[in-house]
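All remarks here apply to the structure that follows.
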Number of protein chains: 2
Amino acid sequence: MPYRPTALTRKNAEDKRDGFLRAARTLVAADGFRAATVAAIAARCQASVGSVYSYFDSRDRLLAEVFRSAAGHEIDLVREAVADAGQQASQRLGELIRIFSGRALAGRRMAWALLFEPVSPVVEAERLEYRRFYTDVGERIISDGLAAGTFVPQDARLASSAVMGAVSEALVGWIRPDSAEPSAEEQRRVMDGIQDFCFRALGVRDLAASFGGGGATSVQPRTGGRP
Amino acid sequence: MPYRPTALTRKNAEDKRDGFLRAARTLVAADGFRAATVAAIAARCQASVGSVYSYFDSRDRLLAEVFRSAAGHEIDLVREAVADAGQQASQRLGELIRIFSGRALAGRRMAWALLFEPVSPVVEAERLEYRRFYTDVGERIISDGLAAGTFVPQDARLASSAVMGAVSEALVGWIRPDSAEPSAEEQRRVMDGIQDFCFRALGVRDLAASFGGGGATSVQPRTGGRP
DNA sequence: GCAAGGAGTGAACCACGGTTCAATCCAACG
DNA sequence: CGTTGGATTGAACCGTGGTTCACTCCTTGC
């Protein structure tokens, strides 16, 4: 508020900006981007509509930033999990799939918003990048697995896309806004099913060697008995 | 136009209605549902905006009908191809995948509109049914294959969803409005890749017995040498 | 106190495309 | 011909939600 702009004013301004972002994020997590109107965001901060525009060029940019931050958080978790999973391509891909699905099932509204909700082109551009990240990570893992002979020969990029598609589509029924929340038991079954599906698709060999032997996976390329 | 409503007037009215539907469909096929504004539809029939509303309750219903008809046509083709494919579950699923992908790659704009374009809730409801059809057909085929021992034990519904997701996601990069048209060679590669991926995921056994042995598929659940 | 000027306000504005409806047209009947 | 009434017209209307901007508020420096 003084003449010279800089002081702790800077901090206050940043806090305010952050407040708007956090408010928007909360709204998105609860009811999707659709619900994050400028009026709702402002109201949640006990601020006026106009003040939002002194911190953001437009609603689109604000929402794009919300998307980037929320998606970035998911990405970090996945990246971390994949990094901690060791060398085995199958283990790394398993982590990718499980963390991705687990997070989606845990935060269904947000997952739906990030993955499926219709959004403006500006936000859609963020989404494209976001999806691309997963496809890239998947491709890298699959390429490694291919080189190591863990997977059956195939186009890594195509396979990665297909994996992401399979995961997304298997999830969408469970995270749609009007769908009922799946029980923990169901969640486990879905996640296991997805992983098994993808592992088979990639042609994972000697699963027992990769994992403890118990666990979710029941991939038996040739014999296949009932669990 | 006479007092008594029925005559060949009936036919004329139906023709007109059909004209609007066809016009809308052409617009959708060219630029998606977004482009099918009431004004554009009317203009294409040299009619006025208002006249559209004497044949349809609302734009949404009109577009829903367009969706249903376009999607219905696709469904017929798939149903037919699957029926002609014989008993083998793997063959039937192969047809489903190949016809679906082939059609999408041949009519990219329409495929994008039907599968991915953001649409109003009313049209989205049609889409849900449309996707459901494919998932149902897939599930039935997979169940049959499971019973016959053609596929490895798994949840048929989940697997069907995953297959449709894998197919869709593998295609989306090629049918996005701003993507370049893939060459025939690329199209073949994509379709083969998708089918192989899905077959492996399902754990198709003794492929050579199902098919001629040549062709695209190169599924080797255990041995898998380099091509 | 008082002037300065940045921050905040919120009602008005705008864009957009679907929807309406009073006016008009016109083929068919007597 | 004159009348009838369904078909057609298209300009005006509306709902929605993002965006603007003239005005107020309030802290700071003198």
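Lettering of chains follows the sequences in order, A, B, ..., and the numbering in each one begins at 1. Every value quoted in this text rests on a predicted model; they were computed, and no experiment measured them. We use all heavy atoms of the structure for the numbers below, so side chains are in, but hydrogens, waters and symmetry mates are not.
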Original post:
Any donor-acceptor pair under 3.5 Å linking the side chain of B:S179 with the backbone of B:W174?
Top reply: yes
Original post:
Taking only residues two or more places apart in sequence or in another chain, which ones pass side-chain hydrogen bond (donor to acceptor under 3.5 Å, both in side chains) with B:E117?
Top reply: none
Distance-only check: which donor-acceptor pairs under 3.5 Å involve side-chain atoms of residues 99-106 of chain B, not counting sequence neighbours?
unit_1	atom_1	unit_2	atom_2	d
B:S101	OG	B:I97	O	2.6
B:R103	NE	B:E74	OE1	2.9
B:R103	NE	B:E74	OE2	3.4
B:R103	NH2	B:E74	OE2	2.7

Subject >> A:C198 to A:A166 - nearest heavy-atom pair and separation >> reply: SG-CB, 4.5 Å
**OP:** Could you check which residues of residues 36-46 of chain A get a heavy atom under 4.0 Å from DNA chain D? Sort them by number, please.
**Re:** A:T37, A:V38
Subject >> Contact residues, residues 49-56 of chain A to DNA chain D [heavy atom, < 4.0 Å] >> reply: A:V49, A:Y53
Subject >> Pair listing, side chain to side chain donor-acceptor pair (under 3.5 Å) test, anchored in residues 40-52 of chain B, at least two apart >> reply: none
Original post:
Is there a residue in residues 20-29 of chain A whose heavy atoms reach under 4.0 Å of DNA chain D, and which residues are they?
Top reply: none
**OP:** Flag the pair A:E65 / A:L21 as yes when at least one side-chain heavy-atom distance between them is below 4.5 Å, and no otherwise.
**Re:** yes
Original post:
What closest approach, in Å, do B:I141 and B:L96 show between heavy atoms, and which atom pair accounts for it?
Top reply: CD1-CD2, 4.5 Å
**OP:** Compare the minimum distances between each of C:dT19, C:dG10, D:dT8 and the side chain of B:S48, then state the nucleotide with the smallest one.
**Re:** D:dT8
**OP:** State whether A:K16 places a side-chain N or O below 4.0 Å from either non-bridging phosphate oxygen (OP1 or OP2) of C:dA7.
**Re:** no
Original post:
Between B:F197 and A:L158, is a side chain to side chain contact (heavy atoms under 4.5 Å, CB included) present by the stated rule, with each step listed?
Top reply: CA-CA 9 Å; B:F197 181 92; A:L158 180 67; over 6 Å; no
